[in-house]
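Below is one structure, written out as structure tokens, with a few remarks after it.
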4 protein chains.
Amino acid sequence: MDKRVDARKQPRQARSQATVEAILVAAARVLEREGSRAFTTNRVAEVAGVSVGSLYQYFPNKEALIVALHDRHGRAMHRVIGDALADGAHATLREAVAAVVRGMLAAHADEPELHRVLEHEYASFDERTSAPDTGFDIYREVRRLLRRHAGEVRVADRELAAWAVAHTVHALVHAAVLEPPRRRRRGALEGAIVDVVLAYLAVPSTSR
Amino acid sequence: MDKRVDARKQPRQARSQATVEAILVAAARVLEREGSRAFTTNRVAEVAGVSVGSLYQYFPNKEALIVALHDRHGRAMHRVIGDALADGAHATLREAVAAVVRGMLAAHADEPELHRVLEHEYASFDERTSAPDTGFDIYREVRRLLRRHAGEVRVADRELAAWAVAHTVHALVHAAVLEPPRRRRRGALEGAIVDVVLAYLAVPSTSR
Amino acid sequence: MDKRVDARKQPRQARSQATVEAILVAAARVLEREGSRAFTTNRVAEVAGVSVGSLYQYFPNKEALIVALHDRHGRAMHRVIGDALADGAHATLREAVAAVVRGMLAAHADEPELHRVLEHEYASFDERTSAPDTGFDIYREVRRLLRRHAGEVRVADRELAAWAVAHTVHALVHAAVLEPPRRRRRGALEGAIVDVVLAYLAVPSTSR
Amino acid sequence: MDKRVDARKQPRQARSQATVEAILVAAARVLEREGSRAFTTNRVAEVAGVSVGSLYQYFPNKEALIVALHDRHGRAMHRVIGDALADGAHATLREAVAAVVRGMLAAHADEPELHRVLEHEYASFDERTSAPDTGFDIYREVRRLLRRHAGEVRVADRELAAWAVAHTVHALVHAAVLEPPRRRRRGALEGAIVDVVLAYLAVPSTSR
DNA sequence: TATGAATGAGCATTCATTCAT
DNA sequence: GATGAATGAATGCTCATTCAT
């Protein structure tokens with residue numbers, strides 16, 4: 001029996017939407033500033049300025065909060081990448097990748113802790129919980145990116161490359177905001193991330 | 001006031017050492033197979049076949065188990081890298097990196113879930129917990145690697161490169177055992193990881 | 001870092017106040033009838049007919065129960081003494097002391113065991129516990145008493161006398177309800193206590 | 001079924017006696033310096049420099065430690081009073097009482113905390129525990145004192161007076177070492193205690 | 001709808017006591 | 001006798017969730 005994690009009901013009135021919004025903002029705030037230990041439904045409700053009961057009116061359980069936040073973040077990333085791939089937005093692969101990296105860094109800069117915690121909480125759900133796919137398939141996005149700039153991509157196995165690039169960018173963006181090397185500006189980190197990706201994509205892969 | 005997480009007492013008798021070992025094995029097993037939610041001291045003791053009391057005889061609290069496991073893993077990784085860098089072990093940078101990647105993949109293959117969970121639990125400790133540094137500084141290792149093969153390294157900022165490489169390898173190794181792309185063998189993933197690293201290190205970085 | 005022992009939240013609704021009251025009554029009952037060993041938060045909640053959770057809603061920890069009970073008792077004693085010292089209440093020192101002793105005996109008669117246990121538990125708090133002063137300073141009360149009836153008091157060191165009287169009355173009242181001598185009625189004990197105090201205060205103290 | 005609290009076995013060899021002694025000294029030390037919370041059999045054994053097993057060789061359970069310490073203290077008090085009442089030791093009642101008070105103060109001065117804690121622990125034993133009477137009956141002692149100096153005693157009910165005196169002295173001696181008034185020397189406290197007792201005994205009691 | 005008091009299963013941790021060595 | 005590793009029942013406390021008002 002799967003546990004429901006989708007929002008309990010769609011808020012239709014403006015007031016309800018405001019409540020849902022307040023709860024999600026509070027959830028993110030608690031996760032970011034107080035850590036996952038403090039992330040209790042009562043605390044979130046308190047920070048949101050509503051009662052626990054109201055929280056449960058819109059979210060069937062605690063996990064639903066995580067799912068909602070995760071989903072939001074996924075959509076934001078989707079937008080970032082979509083913008084970078086918009087028709088005619090960027091002439092070269094490097095420019096496109098740079099745009100994506102810049103967008104992701106910006107999206108993670110404000111609440112770095114949040115995204116690390118979110119990721120783990122989301123991953124540690126019971127198998128029984130059917131975390132609905134948010135419709136954001138990063139693979140697809142990266143594949144689109146590689147296809148669109150196929151001329152500049154030398155790697156033989158494009159699917160494998162998409163896997164490597166997706167995980168590399170994700171990890172380096174997180175590292176950039178959570179454990180940046182001493183004394184480097186964000187621009188330098190952005191450059192390094194782009195370099196890693198570009199060097200890989202531009203050079204013919206080892207015969208194997 | 002820091003929370004102690006170091007081992008409570010050094011087991012001297014053979015019996016005690018066996019107990020400590022059983023507890024750590026059980027802790028890893030629970031984390032791997034039952035997830036962090038099931039990771040309770042009572043459950044760990046049960047799986048280890050000892051009483052909770054015995055667990056607390058050697059570990060001052062639950063976090064100490066995480067620290068011990070994390071520490072063990074850190075030492076193992078240290079060994080893997082150390083071996084790959086041993087004098088005359090590998091002639092080229094590619095061979096050295098491949099050896100490291102192969103060793104890390106092997107070390108993560110058996111209990112992939114464990115390492116993901118471990119990482120998060122370790123990271124989510126309170127500030128108050130003084131997690132002792134395990135003495136394993138991956139930066140230093142990577143820097144050593146780059147220095148030793150300086151001739152093959154083109155990147156201008158070697159420190160920044162060490163940061164990028166360390167995080168990239170770490171992330172891709174984890175991804176390889178946790179979310180591998182469909183139908184690729186481990187050898188192919190190893191190759192891709194090495195390619196990402198090598199391409200980056202071998203190509204002159206963007207002026208920036 | 002002090003341990004908080006003050007009430008966690010002020011009960012506002014009538015229902016909450018009833019709960020708090022039930023918990024305190026249960027706490028006193030358990031202490032009195034089952035002893036300090038049985039004084040567990042679960043037991044108190046059970047006797048109060050509420051869940052442990054409710055107990056913790058109003059008392060941050062077990063010690064807070066002791067503090068609350070101690071505080072209550074202190075206020076009651078304060079009232080007893082205050083009444084005995086009210087303007088024009090008693091013409092002579094003997095009458096005033098007798099009124100105080102009578103009031104204290106009455107206040108301790110119902111739950112003698114409770115007050116003994118309470119006293120020890122309260123005294124045995126960790127240094128770290130910041131037991132708030134209940135505002136009941138018996139010294140001050142006794143000093144007031146002696147000052148008001150200064151004409152009948154012969155002791156040279158009035159401060160010292162206050163110390164002696166306070167501790168004597170306290171001890172004898174407790175002894176009267178906990179370990180009374182065989183076959184004496186309460187009136188006789190009251191008389192003896194008053195005699196001890198009066199004789200001391202009325203007779204010029206030894207030169208020393 | 002009563003719980004045994006008497007010493008488990010009489011140590012006959014010198015070594016055993018030394019062990020028992022070490023354990024009791026350690027018990028007193030822990031109670032005095034670390035409080036009743038820290039008073040665990042393991043801690044006592046550790047401080048005594050023996051193993052828990054050895055502790056249980058001589059004391060059937062934790063309570064037996066309390067009983068033994070209580071017993072020791074009782075015997076010491078008995079000796080103090082006995083000395084003060086020895087034939088021809090003191091000519092007047094005041095001198096005898098002063099000797100008793102001085103002896104008791106001295107006996108409590110070193111480990112004041114110990115005696116407070118001891119008293120409560122001893123009192124809070126389960127009914128089921130048959131704490132053996134140590135043979136020290138303070139009433140008898142005080143009655144002997146009053147009888148011997150009958151000429152100076154004016155109180156009508158000598159039994160009642162013994163009760164009052166015994167409890168008063170006990171309480172004031174404890175208060176003198178635990179909560180002495182500011183700036184008074186021990187001599188002054190001793191004087192005050194003697195004054196309280198003497199004034200009471202010397203003055204004809206109220207008709208009642 | 002909103003509230004927040006109430007619930008109680010569950011978890012980390014302690015400690016008196018035993019017993020194999 | 002002595003040791004100290006092992007035991008496990010018991011305790012203080014938390015927090016997701018419910019439901020009467």
Side-chain angles (χ1 to χ4, degrees), chain A residues 9 11 13 15-16 19 37-46 49-65, chain B residues 9 11-20 37-46 49-65, chain C residues 9 11-20 37-46 49-63 65, chain D residues 9 11 13 15-16 19 37-46 50-65:
Chain A
K9 69 170 74 168
Q13 300 181 11
R15 185 158 58 120
S16 304
T19 300
R37 263 190 187 47
F39 185 67
T40 69
T41 49
N42 280 289
R43 177 64 182 147
V44 169
E46 183 187 336
V50 301
S51 67
V52 229
S54 290
L55 188 156
Y56 277 90
Q57 193 96 44
Y58 298 106
F59 299 90
N61 49 53
K62 197 182 163 187
E63 296 187 348
L65 286 173
Chain B
K9 79 162 77 161
R12 293 185 191 167
Q13 300 183 9
R15 183 163 55 133
S16 313
Q17 286 186 12
T19 298
V20 168
R37 268 193 185 38
F39 186 67
T40 69
T41 49
N42 281 288
R43 177 64 183 148
V44 169
E46 185 187 335
V50 301
S51 66
V52 228
S54 288
L55 188 158
Y56 278 93
Q57 195 116 55
Y58 300 104
F59 299 91
N61 49 53
K62 199 183 158 184
E63 297 186 347
L65 286 174
Chain C
K9 79 161 76 163
R12 295 186 189 165
Q13 300 184 8
R15 183 161 58 131
S16 311
Q17 286 185 12
T19 298
V20 168
R37 269 195 187 36
F39 186 67
T40 69
T41 49
N42 280 291
R43 177 65 183 148
V44 169
E46 185 187 335
V50 301
S51 68
V52 228
S54 288
L55 189 157
Y56 279 94
Q57 195 115 57
Y58 300 104
F59 299 91
N61 49 51
K62 200 182 156 184
E63 297 186 347
L65 286 174
Chain D
K9 68 168 75 169
Q13 301 181 9
R15 185 159 59 122
S16 304
T19 299
R37 261 188 189 46
F39 186 65
T40 69
T41 50
N42 280 289
R43 177 63 183 149
V44 170
E46 184 187 335
V50 301
S51 66
V52 230
S54 290
L55 187 156
Y56 277 89
Q57 194 95 43
Y58 297 106
F59 299 90
N61 49 52
K62 198 182 161 185
E63 296 187 347
L65 286 173

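So that the names make sense, note that chain A is the first sequence line, chain B the second, and so on, each numbered from 1.
Pairing each heavy atom of Tyr56(D) with each of Asn61(D), the nearest pair is CE2-CA, 4.0 Å. Taking every heavy atom of both residues into account, Ala45(B) and Leu55(B) meet most closely at N-CD1, 4.1 Å. The two residues Tyr58(C) and Ser54(C) come nearest to each other via the heavy atoms CD1-O, 3.2 Å.
Summary of the strand contacts: Val52(C) and Thr19(D) both lie near DNA chain F, and taking for each the nucleotide with the nearest heavy atom, the more 5' one is attributed to Thr19(D).
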Would you write the dot-bracket representation of DNA chain F, where each base gets (, ), [, ], | or . depending on whether it forms a Watson-Crick or G-U pair under 3.5 Å and with which partner? .||||||||||||||||||||
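The separation between Asn42(D) atom CG and dA16(E) atom C1' is 8 Å, rounded to whole Å. In this structure, CZ of Arg37(B) is placed 14 Å from P of dC15(F), rounded to the nearest angstrom. As a whole-Å value, the separation of Tyr58(D) OH from dT17(E) P is 18 Å. Between Leu55(B) atom CG and dC11(E) atom P there is a gap of 15 Å when expressed in whole angstrom units. Atom pair Tyr56(D):OH and dA6(F):C1' shows a separation of 14 Å (rounding to whole Å applied). Residue Arg43(A) contributes atom CZ, which lies 14 Å from atom C1' of dC15(F) at whole-angstrom precision. One atom, CG of Asn61(D), and another, C1' of dT18(E), lie 14 Å apart when rounded to the nearest Å. Rounded to whole Å, the distance from CZ on Phe59(D) to P on dT18(E) is 16 Å.
For the pair Ser51(D) and dG4(F), the criterion of a side-chain N or O lying under 4.0 Å from OP1 or OP2 is not met.
Ser54(C) comes within contact range of at least one nucleobase, with a heavy-atom separation under 4.0 Å. The residue Thr41(B) sits close to a base: some heavy atom pair falls under 4.0 Å.
Checked against dC15(E), dC13(F), dT7(F), the side chain of Val50(B) finds its nearest nucleotide in dT7(F). Side-chain atoms of Gln57(C) lie closest to dT7(E) of the nucleotides dT7(E), dG8(F), dT3(F).
A heavy-atom distance below 4.5 Å is not found between the side chains of Phe59(A) and Thr41(A).
Residues passing the side chain to side chain donor-acceptor pair (under 3.5 Å) test with Thr40(C): none are found, sequence neighbours excluded.
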